[in-house]
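The structure appears below as structure tokens.
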Amino acid sequence: MKTSTATVSIAGDLGEKLAAIAKAGFDGIEIFEQDFISFDLNPADVRRMVADHGLEITLFQPFRDFEGLPEGPLRQRAFSRARHKFDLMCELGTDLMLICSSVHPEGLGGIDRCADDFRDLGEIASSYGVRVGYEALAWGRFINDHRDAWEVVRRADHENVGLILDSFHTLGRKIDPDSIRTIPADKIFFVQLADAPAIDMDLLYWSRHFRNMPGEGDLDLPAFMDALYATGYDGPLSLEIFNDEFRRSDAEMVARDGHRSLINLMDDLRRRSDRPLPSLPVLPDRVDVSGVQYVELACKPNDMSGIESLLTKVGMAKTGTHKSKQVTRFQTGDVNILVNSDADGRSFGLASEHGAVVSEIAFATPDAAAALERAVALGAEPVSLPHHPGEQKIPTVRGVAESLIRFLDPTMDIWASDFEKPVSSTAEMNGVHRIDHIAQTMGYNEMLSWTQFYTSIFSMAKSSMVDVIDPEGIIRSQAVTGHDGGLRLTLNGSEAQRTSAHRFVADGAGATVQHLAFAVNDAVEMAEHLHQNGFSILPQTENYYADLAARFDLPDVFIAKLKSLHILYDEDDSGGFLHFYSTVFGNGLFFEFVERRDGYDGFGAPNAPFRLAAQRRMTAAASL
Ligand code: MG
Ligand code: MG
């Protein structure tokens, strides 16, 4: 199936939209009339510009308030408007126009009256060599259900008149998508796709402001696609996304997200289907991540000793150095932290200016080459890095901001091939055993994009979005988790100018990871040990522990212990969660230490406001 998008889905003028759409890999565009009218080129030049981008115009839209008008001047004017648009379509080089169901106050409705109008229009369209497709708007005055629009098309009985389906109008009105299964494919001229979050509001307002990419919302797009595929439809799948946020966002990012959502939707459809689907793309399986193989911090040489001391206090031992780069390996349990102070490193400039940053995350996957292939098919940008003979060539894509995501698999023993033999013995302490989660901070408008990136490329699912109260505003937090908990990420964003999340991004010039959470078996023991090592734990308030006693049924002696060590506590239905934080270092980074009891599955979100407030107190104290 061809991929297409309405120009209205993307920010910018028509030229900027086309460049972004072509770069993202779409086959075609729906030209939204307003985008054409407000653009300063004639139809022939626009036609050429579209072709120069390697795109085709799949649809001209919208044509409103055509059908069901009373006999007389209103009806005549509707037909003459249509002839005018057919002329324009011929100049633009497109043969299909979308007519959305009428909301005209003087419209009369009537299935047969509307069918007669379409039959007459079909005759005119055929003389121009063009076709018209009828779409039921969810708020159409009389026709607001694709089943009624199909009845009009069926009775019009003209080969230049067909139906246009739009997933929003069908699913947004809770119309059973299985009703599509009885429509013949050759009468479905075009399909528009959009998702939307489940919000109970006026349909028109919901549609014009809150649509989003398939998979980003709560509509049952898979059921819609299954029904569509059952008809044998093989035409374009086209995004028609009205979204205030997207219109403010980077055109290339939104176009890339859109294309990724369509490829992912088709890939899922092919996997669900029991028969061969020749027109769908074939991608490698979703990437299963069994764990984080390493996290690399970039820092300047002067910061090296501070970081080394921090990691040593955490119980990590220096166990190797890279053969060809200024990179040191620190290790404890399954956790590997690489510290890169190489002046040739990609993130060296950033780290020199802002302090240590997370520059790479390496995921353990079953097949690194297949992981790269899937990621790139879904719009990830491959990054090719120089490597010395004998060292592993590690498949790599760009991650959040300037960081890199690297894919490793069991055939790649980087510790043997890329690193010198251990420079010291293993850690003396059995504390941190693996990375529990990684928290990434980004602009609010990038959150949907990165959520989609992780959930389409990897075997990961999103949980519901959580609002965290920062002293300066709201931070939104979205967790994405691998099915066996092998990889957990939290994505955090804020629009409020003064929240820590916003400042982290704004100040950090490409900041990416804000904290690394280490899994420990016994948080109390770990905190005591860190305390003895002179590691500074983020202090919490007395009031927090008084409140804890009120909220949970916990022994006084346990709460006193938590308080003495500044450990935070949460519970869900399955178990308890003990966690505490380091103070901030480098480019706003910090560590978290977490103990999950009995299958607790969250991230201690109720405690996030107290962590943020504590960090703010420390920043304020430091600047006195
Ligand atoms: Mg539509
Ligand atoms: Mg956390």
Side-chain angles (χ1 to χ4, degrees), residues 2 4 6 27-33 36 43-44 46-47 50-51 55-102 104 107-137 140 142-143 146-166 180 183-192 231-236 238 240:
K2 280 184 181 162
S4 166
D27 302 309
I29 57 161
E30 294 175 30
I31 206 153
F32 197 69
E33 190 178 22
F36 164 73
V46 167
R47 177 182 191 157
V50 172
L55 296 165
E56 60 174 291
I57 303 177
T58 55
L59 182 75
F60 178 84
Q61 71 127 325
F63 191 78
R64 302 182 193 279
D65 293 335
F66 162 71
E67 80 286 14
L69 291 167
E71 289 290 347
L74 272 180
R75 185 173 188 272
Q76 282 164 19
R77 208 173 312 139
F79 277 87
S80 76
R81 269 197 303 133
R83 287 177 189 273
H84 185 81
K85 299 303 173 192
F86 291 162
D87 276 327
L88 174 58
M89 285 164 61
C90 292
E91 288 182 83
L92 284 168
T94 181
D95 81 328
L96 182 61
M97 179 164 83
L98 175 143
I99 300 184
C100 52
S101 59
S102 178
H104 200 288
L108 298 171
I111 293 282
D112 284 323
R113 177 187 297 271
C114 294
D116 288 348
D117 289 343
F118 271 101
R119 190 179 314 109
D120 292 350
L121 189 65
E123 269 311 289
I124 299 167
S126 112
S127 72
Y128 282 83
V130 300
R131 301 172 300 148
V132 296
Y134 188 35
E135 175 195 53
L137 291 180
F142 300 108
I143 304 291
H146 69 252
R147 293 168 293 194
D148 295 333
W150 163 230
E151 187 58 28
V152 169
V153 168
R154 174 154 60 181
R155 292 187 186 210
D157 191 23
H158 195 286
E159 67 173 31
N160 293 59
V161 177
L163 185 70
I164 292 182
L165 294 168
D166 180 322
I180 293 168
I183 304 170
D186 63 326
K187 295 308 285 185
I188 303 173
F189 280 5
F190 201 78
V191 173
Q192 296 178 316
T231 67
Y233 175 82
D234 203 20
S238 191
E240 191 194 33

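Sequential numbering from 1 along the given sequence is applied to the chain's residues. Computed from a predicted structure; not experimentally measured.
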Lys85 NZ to Cys90 SG distance, which is reported to the nearest 0.5 Å: 13.5 Å

Determine the minimum heavy-atom distance between Leu69 and Leu74, stating which atoms define it. CD1-O, 3.8 Å

List the atom of Gly162, the atom of Phe189, and the distance in Å for their closest heavy-atom pair. N-CE2, 3.2 Å

Which heavy-atom pair separates Pro62 from Phe32 by the least distance, and what is that distance? CD-CE1, 3.9 Å

Is there a donor-acceptor contact under 3.5 Å from the side chain of Thr58 to the main chain of Ile29? yes

With a 4.5 Å heavy-atom cut-off, do Gln61 and Glu135 have their side chains touching? no

Show me the donor-acceptor pairs within less than 3.5 Å that the side chains of residues 110-119 make with the rest of the protein, sequence neighbours left out.
unit_1: Asp112; atom_1: OD1; unit_2: Arg155; atom_2: NH1; d: 3.2
unit_1: Asp112; atom_1: OD2; unit_2: Arg155; atom_2: NH1; d: 3.4
unit_1: Asp116; atom_1: OD1; unit_2: Arg119; atom_2: NH1; d: 3.1
unit_1: Asp117; atom_1: OD1; unit_2: Arg75; atom_2: NE; d: 2.7
unit_1: Asp117; atom_1: OD1; unit_2: Arg75; atom_2: NH2; d: 2.7
unit_1: Asp117; atom_1: OD2; unit_2: Gly68; atom_2: N; d: 2.8
unit_1: Arg119; atom_1: NE; unit_2: Ala156; atom_2: O; d: 3.1
unit_1: Arg119; atom_1: NH2; unit_2: Arg155; atom_2: O; d: 3.0

State whether the number of non-hydrogen atoms from other residues, nucleotides or ligands found under 6.0 Å of Arg81 atom CZ is greater than 12. yes

List the atom of Thr231, the atom of Tyr233, and the distance in Å for their closest heavy-atom pair. OG1-N, 3.1 Å

Stepwise side-chain contact (heavy atoms from CB on, under 4.5 Å) check, Thr94 with Ile31: CA-CA 9 Å; Thr94 181; Ile31 206 153; 5.5 Å; no

Any side-chain heavy-atom pair from Ser102 and Ile143 closer than 4.5 angstrom? no

For the CD atom of Glu240 and the CG atom of Leu98, what is their distance to the nearest 0.5 Å? 7.0 Å

Can you find a heavy atom in the side chain of Asp27 that is under 4.5 Å from one in the side chain of Pro236? no

Answer whether the closest heavy-atom distance between the side chains of His158 and Ser126 falls below 4.5 Å. yes

Please identify each residue that fulfils salt bridge (charged side-chain N to carboxylate O under 4.0 Å, His left out) with Arg147, with sequence neighbours left out. Asp145

On a heavy-atom basis, which atom in Glu67 and which in Cys100 lie closest, and how many Å separate them? OE1-O, 4.2 Å

Between Glu30 and Gln192, is a side-chain hydrogen bond (donor to acceptor under 3.5 Å, both in side chains) present by the stated rule, with each step listed? CA-CA 10 Å; Glu30 294 175 30; Gln192 296 178 316; 2.8 Å; yes

Spatial distance of atom CG (Asn160) from atom CE (Met97) [nearest 0.5 Å]: 12.0 Å

Between Trp150 and Ile180, is a side-chain contact (heavy atoms from CB on, under 4.5 Å) present by the stated rule, with each step listed? CA-CA 10 Å; Trp150 163 230; Ile180 293 168; over 6 Å; no

Taking every non-hydrogen atom, the tightest pair across Ile124 and Ser127: O-OG, 2.6 Å

Just wondering, do Val152 and Tyr134 contact through their side chains at under 4.5 Å, heavy atoms? yes

Would you say Phe86 and Leu121 make side-chain contact, with heavy atoms under 4.5 Å? yes

Could you check, using the six-membered ring where one of them is a Trp, whether Phe66 and Phe79 have ring centers closer than 6.0 angstrom? yes

Glu159 atom CD, over 12 foreign heavy atoms within 6.0 Å: no

Within a strict 4.5 Å, meaning less than it, do heavy atoms of the Phe60 and Leu88 side chains meet? yes

In Å, rounded to the nearest 0.5 Å, how long is the span from CG of Leu163 to CD1 of Ile183? 5.5 Å

Is it true that atom NZ of Lys187 has more than 12 heavy atoms of other residues, nucleotides or ligands lying nearer than 6.0 Å? yes

Checking Phe63 against Val132 for the side-chain contact (heavy atoms from CB on, under 4.5 Å) test, could you report, in this order, the C-alpha distance in whole Å, the side-chain angles of both residues, the deciding distance, and whether it holds? CA-CA 10 Å; Phe63 191 78; Val132 296; over 6 Å; no

Taking the side chain as everything from C-beta on, heavy atoms only, tell me whether Phe142 gets closer than 4.5 Å to Ser101. no

Please report the interatomic distance CE(Met89) to CD(Glu33), rounded to the nearest 0.5 Å. 11.0 Å

